[in-house]
Amino acid sequence: MKIFLDSADIDEITALSDTGFIDGITTNPSLIAKSGHKIADRIAEICAVIDGPVSAEVTATDYETMLAEGRKLAAIAPNVTVKVPLTRAGLQTCRTLSDAGTKVNVTLCFTSGQALLAAKAGASFISPFVGRLDDIGQDGMGLIEEICSIYANYDYATEILVASVRSTQHVVDAALVGADVVTLPPKILTALYQHPLTDSGLDAFLQDWAKTGQSIL
Ligand code: E4P
């Protein structure tokens, strides 16, 4: 499973880029706004640090303007993936950009029917928001399972990118159902490798080692 970082914070991205497990980045208008930087500048900075797909989201709501924005964002760097909302105009934009060879991430997906249409529109990625569904008492991971089955039935190449991740359990569940990608806020990524028994176990090993007076080097 690929791991993307859900962030527009260049310091966070740079700090985690040398771990070797960041396969791409997702941003959205809220994350860009939080960064306080111009979208083109920030996306260019991120693409200089990360080789994998970097999602940059359009903000227009009509097809023509969305398409123009998508083309402008795609021109920033070869690894930009244009992110469009799951609306009629977004799906039309997805079709046009995908036909021209641009990768598209269709975002704000909350139903399997929407995911089916995104695949038919040629999306490279579909982004179902599991956390926001859980927040309203629905089954976010159940949606991922359904989309996995539907895409497998028809061999769709669209990758299922699990978004709005709130916990490490979401990551494990996404892997269990066979999602292609999870996009994680940095704190969830960090939480994935941390465990109190790892820390206490390491402390005990190092204390015992110190008593031996040995050095490996
Ligand atoms: C990523 O593509 C999404 O924009 C993001 O995961 C949304 O997460 P949120 O629901 O925590 O804002």
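Computation of the quantities below employed the complete heavy-atom set of this structure, encompassing side-chain atoms and omitting hydrogens, waters and symmetry-equivalent molecules. Here the structure is a predicted model, which is why all the values come from computation and not from measurement. Order of listing sets the numbers, starting from 1, for every ligand and every atom in it.
In this structure, the side chain of K83 does not engage the main chain of V104 through any donor-acceptor pair within 3.5 Å. A distance-only check finds a donor-acceptor pair linking the side chain of E69 to the backbone of T59 [under 3.5 Å]. Without hydrogens or angle criteria, Y151 side chain to A115 main chain gives a donor-acceptor distance under 3.5 Å. Side chain of R95 to main chain of K120: a donor-acceptor pair is present (N/O by atom type, distance under 3.5 Å, no hydrogens or angles).
Considering backbone and side-chain atoms alike, T107 places every N or O at 3.5 Å or more from each N or O of ligand 1.
Using a 4.0 Å cut-off to heavy atoms of R132, the atoms of ligand 1 that qualify are 7 (C), 9 (P), 10 (O), 12 (O). Taking every heavy atom of R166 and a limit of under 4.0 angstrom, the matching atoms of ligand 1 come to 9 (P), 10 (O), 11 (O). Close approach of ligand 1 to K83 (heavy-atom distance below 4.0 Å) involves ligand atoms 1 (C), 2 (O), 3 (C), 4 (O). Those atoms of ligand 1 that come under 4.0 Å of a heavy atom in A163, given as number and element, are 1 (C), 6 (O).
Salt-bridge formation is detected for the pair E45/R42: a Lys NZ or Arg NE/NH1/NH2 atom is positioned less than 4.0 Å from an Asp or Glu carboxylate oxygen. Look at R132 and D135 and you find no salt bridge, because none of the NZ, NE, NH1 or NH2 atoms lies under 4.0 Å from a carboxylate O.
Following chains of ILVMFWY side-chain contacts shorter than 4.5 Å, one cannot reach V165 starting from L31, and the two form parts of different hydrophobic clusters.
Considering only non-hydrogen protein atoms, atom 5 (C) of ligand 1 sits nearest to D6 OD2, 3.0 Å. With hydrogens left out, the protein atom closest to atom 8 (O) of ligand 1 is S164 CA, 3.4 Å, a heavy atom. Here the heavy atom of the protein found nearest to atom 4 (O) of ligand 1 is N28 ND2, 2.8 Å. Closest protein heavy atom to atom 7 (C) of ligand 1: F129 CE2, 3.6 Å.
In S127, neither the side chain nor the backbone holds a heavy atom less than 4.0 Å from any atom of ligand 1.
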